[in-house]
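Excluded from the calculations below are hydrogen atoms, water molecules and symmetry mates; all remaining heavy atoms, backbone and side chain alike, are included. As the structure lists them, so they are numbered: ligands from 1, and atoms in each ligand from 1.
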Amino acid sequence: MVKELPIRKDSVRLDLPPTPPLTSESSSDEVDASSASSFTDTPNPPKVDFPLPPPTTIPTQVLKEDSKTPDGWLARDPRLIRLTGVHPFNVEAPLSALYDEGFLTSPELFYVRNHGHVPRVEDHEIPDWEFTVEGMVEQPLKLTLRELIEEYEQHTYPVTLVCAGNRRKEQNIVRKTKGFSWGAAGVSTALWTGAILGDVLRKAKPLRGAKYVCMEGADKLPNGFYGTSVKLNWALDPNRGMMLAHRMNGDVLRPDHGKPLRVIIPGQIGGRSVKWLKKLIVTAEPSDNWYHIYDNRVLPTMVSPEESAAKKEWWTDERYAIYDLSTNSAIAYPAHDEKVSLTSDDSTKTYNVRGYAYGGGGRRVTRVEVSLDKGVTWILSDIDYAEDRYRDAVPQNLYGGAVDFGWREASFCWCFWNVKIPVADLAKAQDVLVRAMDESMNLQPRDMYWSVLGMMNNPWYRIVVKNEGGVLQFEHPTQPALMPGGWMERVKKAGGDLTNGFWGEQTGGEIATKPVLEEIKEVKMTKDGVNRMITLEELRAHDKEDEPWFVVRNEVYDGTAFLEGHPGGASSIINAAALDSTDEFMAIHSENAKAMMPSYHIGTLDDAAIAALASGDAVETADAPPRPIFLDPKNWRKSILHAKKVISHDTRIFTFKLDYDDQALGLPTGQHLMIRLRDPVTREAIIRSYTPLSETSKRGYLDVLIKVYFDTPGYAGGKMTKALDSIPVGHPLDLKGPIGKFEYLGQGRYTLNGVPNFSPDPTSLVPSVAPLKTLYMICGGSGITPIFQVLRAVLTNPSDHVRCVVIDGNRLVTDILCREELDGYARDYANRCELLYLLTQPADDWTGLRGRIAAPLLKERAAREKHAGGEAMVLVCGPEPMEKTVREALFEGGWKAEEIIFF
Ligand code: MTE
């Protein structure tokens, strides 16, 4: 009985530097560790024949990628593969490196899934870390970590954590999900030490009717603190092994893994194991935390991103929430791209094919089978259940906790399987497949179950065998993140249908018949012969209006010569000065614009400068004073989708929330802002400019009217509008601005590229040079939004006497946006506002104009001759073909370039 074993309180050594963990020295992951006697308390230390942690090296170097992020204080292992760009930190180890560490993973290679920044806790603060137990309990508790260790029994046992997205890249290749691309190493195992969750909950005495335990971390995210819940009866069940852990492989938790305290929920998806634990809340209902609702679900396969965004009920249906892991396995060796040379004595040689497998909910993996003939026949592998060696060990103290779970049947860890295959058989095979089954006979499926979040992917793991002139070469399904490689990508590119039940191949091994897609060639943006290396200091010295340099993909461009000609106005170049503008540039510019770049190319950033620019986002600290104005022309600012109002089948008003209720937006009339959303899979930025529908003076929020361009047969739809439509309320996005070359100041005064149309008299605001008398506003479809903003500013200002002529072209009458408001203005300001609607597909009873906006109409309604120089101007916004027609017609009608503004 473990109770008879004194647990050394001092071995926890909270206020001392971390205890060096006991590690295995030999190449094997098992040791006869009589040398481990100092960690055991029995008089005659038992033979330790369970695996001990692999050697560990605590990283000491803050990596350059992290230096500019909110985690810029945290040293990490450079071998980890980043899955979501630089920040937040979501990583997996290379699969072979993970497997080579053995049953236990070192904390520095253990996969990390962080939704945001890592809360910083210094060693001396660990003992005083507080958390609460509250909600439906008779005895609410506030405990420090010191009390948790001193007042509760401590236990040590191994548990494998797996991210629900493990192997998601395979799904993303079939069809993009909302999740980023994990390879097959989103899984790791450690020895955890801590108190049993049920013991703490029992002390708080849950009340009748309580059914769930909600958990909340200290990481504040755009949608609140990270949190989730599990069922209370599970938490109280010792067989479930739920733990409040403060040690990992014998050492205090590393920051990325929840330092100083986290929950460990064995057998379930990693998302339930809340890190940096601050609160346990006992409730009658599952957690209402945003991350519990909108994450970790397998929605039915037919629920598209659009459908899932439109109906909240999909997310609140507990049947689709995932808890227990599904049975899964993967091949570690042969590794991706590994080569085996065939020789004449291959008839006697074998290759040890090996990998990992895990089950869910504590269910043991009972078989792992390998097939060399596409699943017609199977070979049974050997399985090593290392977890059982702890289970079978004499109860003893390890790292300040009792190793004593011989009574528990559950399997909470991965197992390693292997099977020796004759090399001659491998040489004949086209692929190697593996599948696992658990004790409930849950068998991995052959076919993938695709779902919108891309979770719990567990079809047979398949590697392709290629025989290239006597050398066998192996190809895994994918490589993690954006790394190229893998048979899935190859087969898809070649037109194979990955869902045909034969991995995109025909049974003969050939790729299925779809036509080969042509690779899209990238436009070259550098100039041959330019080889100057540019330092950060040099770049920073060009943060100026007269000589702005900017960076795209680490190449430096001098924008000076383009300040005048840039269609977005000089300010868009000046605002990018001395910054990395890759995202904005690549997202907004056409292939033609990219082709102009070599003329402005002057050099390449040096490594130090690249590191320093690694994160272009403004890092705001929690204690930074509130900013009076939200928009910042140089930095992206975080905002939250606050509400979505459906106006029609394809039109929505999106409301975005600023930092606080009274904050001013900071957008001049006539200007726009950029919205940035990240493609959840590729992390590629989608950026578009919009003009708010709400008054620019509105505080705390802004409304944007957006027409969603859906996919139609043969037409791919709008990337941004579809993405915006599919994100749920509460989703974060970034805003930046203002941008635009035109600013309307009122009473016919404006500036164009910062140059006023009046002589500024320091003592008076009365214009001294020809103010505008007429504004022509020509728009099509959703092009009404920037027009509407200026129109409203002119008409609703009683001292503004400018006359507006609006020509608004659409297809159907139902396509006219803001019609009610426009009609209202035309009625209320009839002497100053003429409103003309034009439809290309009008109903028979349409009494307005018919056809497209073209030269004859413009000659009649927007005649240049009626106006003296400087008295009239034309604002245009609409689809590209419409703008082209309007431009030509206006020039033909005598308008000059500087009199026309294209938004
Ligand atoms: N806890 C907090 N507080 N914040 C998080 O972002 N991520 C969850 C879970 N706990 C998360 C969290 C997810 S999705 C997983 S898979 C695991 O932590 C990952 O644990 P690890 O990073 O220690 O491997």
Counting non-hydrogen protein atoms only, what is the nearest one to [atom]? Give residue, atom name and distance.
atom	value
atom 20 (O) of ligand 1	R262 NH2, 3.2 Å
atom 8 (C) of ligand 1	Y226 OH, 3.6 Å
atom 14 (S) of ligand 1	R113 CG, 3.2 Å
atom 22 (O) of ligand 1	K275 NZ, 2.5 Å
atom 24 (O) of ligand 1	Y111 O, 2.6 Å
atom 17 (C) of ligand 1	G270 O, 3.3 Å
atom 4 (N) of ligand 1	D219 OD2, 2.6 Å

Test salt bridge (Lys or Arg N to Asp or Glu O under 4.0 Å) applied to D384 and R354, step by step: CA-CA 11 Å; D384 178 34; R354 56 206 188 276; over 6 Å; no
Centroid separation F416 to W414 less than 6.0 Å: yes
Centroid-centroid distance, W192 to F110, less than 6.0 Å: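 Yes, close enough.
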Minimum heavy-atom distance between P206 and V282, given as atom pair plus value: CB-CG1, 4.4 Å
Neighbour count above 12 (heavy atom, 6.0 Å) for K278 NZ: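 Above 12, so yes.
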Proximity to ligand 1 by part of F225, non-hydrogen separation under 4.0 Å: neither
D256 and ligand 1 - part of the residue with a heavy-atom distance under 4.0 Å: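 The backbone, only.
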List every atom of ligand 1 that sits less than 4.0 Å from any heavy atom of [X], numbering the atoms from 1 in the order shown and giving each element.
X	result
C163	16 (S)
N114	6 (O)
H257	21 (P), 22 (O), 23 (O), 24 (O)
S273	9 (C), 10 (N), 18 (O)
F110	24 (O)

Heavy-atom side-chain contact between V112 and R76 under 4.5 Å: no
W73 vs P255 side-chain heavy atoms within contact, under 4.5 Å: yes
Worked verdict on D734 versus K638 for salt bridge (Lys or Arg N to Asp or Glu O under 4.0 Å): CA-CA 5 Å; D734 306 314; K638 288 251 163 303; 2.6 Å; yes
Over-ring placement of R364 relative to Y385, 6.0 Å and 45° cut-offs: yes
